[in-house]
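Here's the structure, in structure tokens; my notes come after.
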2 protein chains.
Amino acid sequence: MYSRGVNTSERLIESTRELLWERGYVGTSPKAILERSGAGQGSMYHHFKGKPDLALAAIRRTAEEMRATAEGVLGGPGTPYERIEAYLRRERDVLRGCPVGRLTMDPDVVADDELRAPVDETLDWLRERIAGIVEEGREQGQFASSLDGEEIAAAIVATVQGGYVLARAAGSPAPFDAGVRGLLSLLASATPSA
Amino acid sequence: MYSRGVNTSERLIESTRELLWERGYVGTSPKAILERSGAGQGSMYHHFKGKPDLALAAIRRTAEEMRATAEGVLGGPGTPYERIEAYLRRERDVLRGCPVGRLTMDPDVVADDELRAPVDETLDWLRERIAGIVEEGREQGQFASSLDGEEIAAAIVATVQGGYVLARAAGSPAPFDAGVRGLLSLLASATPSA
DNA sequence: GTCTATACAGTGATAGAC
DNA sequence: GTCTATCACTGTATAGAC
């Protein structure tokens, strides 16, 4: 429940974001959204065309937020390795998983191009952003020239996304942290001089 | 009486396995299972206590199968690096995702210890199995002694699980393959002599 | 073991009053 | 803009006949 200062449309979107993160698209019912937001049936269908429309607004906002969070770390100070390390080690609520990545396991999201688009664009942007940083590191001689920026970036983002899977399976953040350490140890040893 | 082919209980389990893979636990209804298996309502509740009980049987079988498939590659011939490469490059229906890993995004599976157990045990076994191979490679001098077997194994399994996420987001297997190549390039360069 | 009938809450949406 | 009423349909399960 949100304070009365925030308008109904806003509360609906925020409640939907929470539920999509917790239960996914298939597992989130309009009824649950209404209960959490404190809005009535009529309000929801006044502001949004239906469940997919509201979910789209929620997914777009979550995607934007994830992008901003990542950019805050990746665009920070430090060497390429340090910025990648900062991204990998950044504080996360590991057991909750990634609010964007989890949507890829939702059949109704993947089947709908409009719902999938923000997910695709965000993860694509993230890989490109990291690929550029790896290339930067190569040019500076921090990484071996044999490395491919896009491939390393894909491995980095996959390690994070897969780390969530392992952590949720285990009921503990430990496998996530182990994977991150493993990847960083490989990256650290992939220097031209090593 | 085997003359009529596969028995009903078997068909129910197989149909449930398919649906869990395609739509997850929350997205799979008893009705859909009955339609796909050709069984009637009564048969299902005769053989199984309900949806969770049937799902448990299906998940256990899928987990066993995944383990056998992985062991087939990891226990094969070749150096430690080659066996890990064989595991990473093994043919996969990438866009369908991992039938075990995808269950970790299902709130009702993660919330139920009995349903989560086969998922946990399988991914845990996989990490341990690969960790042993990495240790083997270290002892043989193929991998740098600075590497930690369990950490590298976590990174490997996470790259696969996360690769599925990236591929499904993109609607293409390309990011999965890129991540695998990236990880292998890092592993290949993490030799004591490199 | 399998079938049909039944139950009853939940889902996703529409209609119309205020 | 928001509310309540209503609706057709699905989800999950039980009962009892065959």
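We name chains A, B, ... by the order of the sequence lines, and we start the count at 1 in each one. Here the structure is a predicted model, which means the values were calculated and not measured.
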When rounded to whole Å, the OH to P distance for the pair A:Y45 and D:dT6 reads 18 Å
Residue pairs passing the salt bridge (Lys or Arg N to Asp or Glu O under 4.0 Å) test with at least one member in residues 101-111 of chain A, sequence neighbours excluded, are A:R102-A:D106, A:D108-B:R23
Here the distance between atom C1' of D:dA13 and atom CG of B:D53, to the nearest Å, is 14 Å
By nearest-nucleotide position on DNA chain C, the 5'-leaning member of A:K31 and A:G42 is A:K31
Tracing side-chain contacts under 4.5 Å among Ile, Leu, Val, Met, Phe, Trp and Tyr outward from B:I33 reaches B:L12, B:I13, B:L19, B:L34, B:M44, B:Y45, B:F48, B:L54
B:L19 CG to D:dG11 P, in whole Å, measures 11 Å
Rounded to whole Å, CG of B:L54 lies from P of D:dA13 at a distance of 10 Å
For residues 65-80 of chain A, the salt bridge (Lys or Arg N to Asp or Glu O under 4.0 Å) pairs (sequence neighbours left out) are A:R17-A:E65, A:E71-A:R129
Contacts satisfying salt bridge (Lys or Arg N to Asp or Glu O under 4.0 Å) that involve residues 147-162 of chain B (not counting sequence neighbours) are A:R181-B:E151
Chain A reaches DNA chain C, atoms under 4.0 Å from its heavy atoms, from C:dG10 to C:dT14
What residues 20-29 of chain B contributes to the DNA chain D interface at heavy-atom separation below 4.0 Å is B:T28, B:S29
Q.
Less than 4.0 angstrom from a charged side-chain N to a carboxylate O is my criterion; do B:R61 and B:E14 meet it?
A. yes
Sorted by chain and number, sequence neighbours left out, ring-ring contact (aromatic ring centres under 6.0 Å, His included) with A:F176 holds for A:Y164
Exercise for review: Indicate, with a heavy-atom threshold strictly under 4.0 Å, whether B:G40 touches base, sugar-phosphate, or nothing.
Suggested key: sugar-phosphate
Connected to A:V26, directly or through other members, by ILVMFWY side-chain contacts below 4.5 Å are B:V26
A:Q41 meets the side-chain hydrogen bond (donor to acceptor under 3.5 Å, both in side chains) criterion, sequence neighbours left out, with none
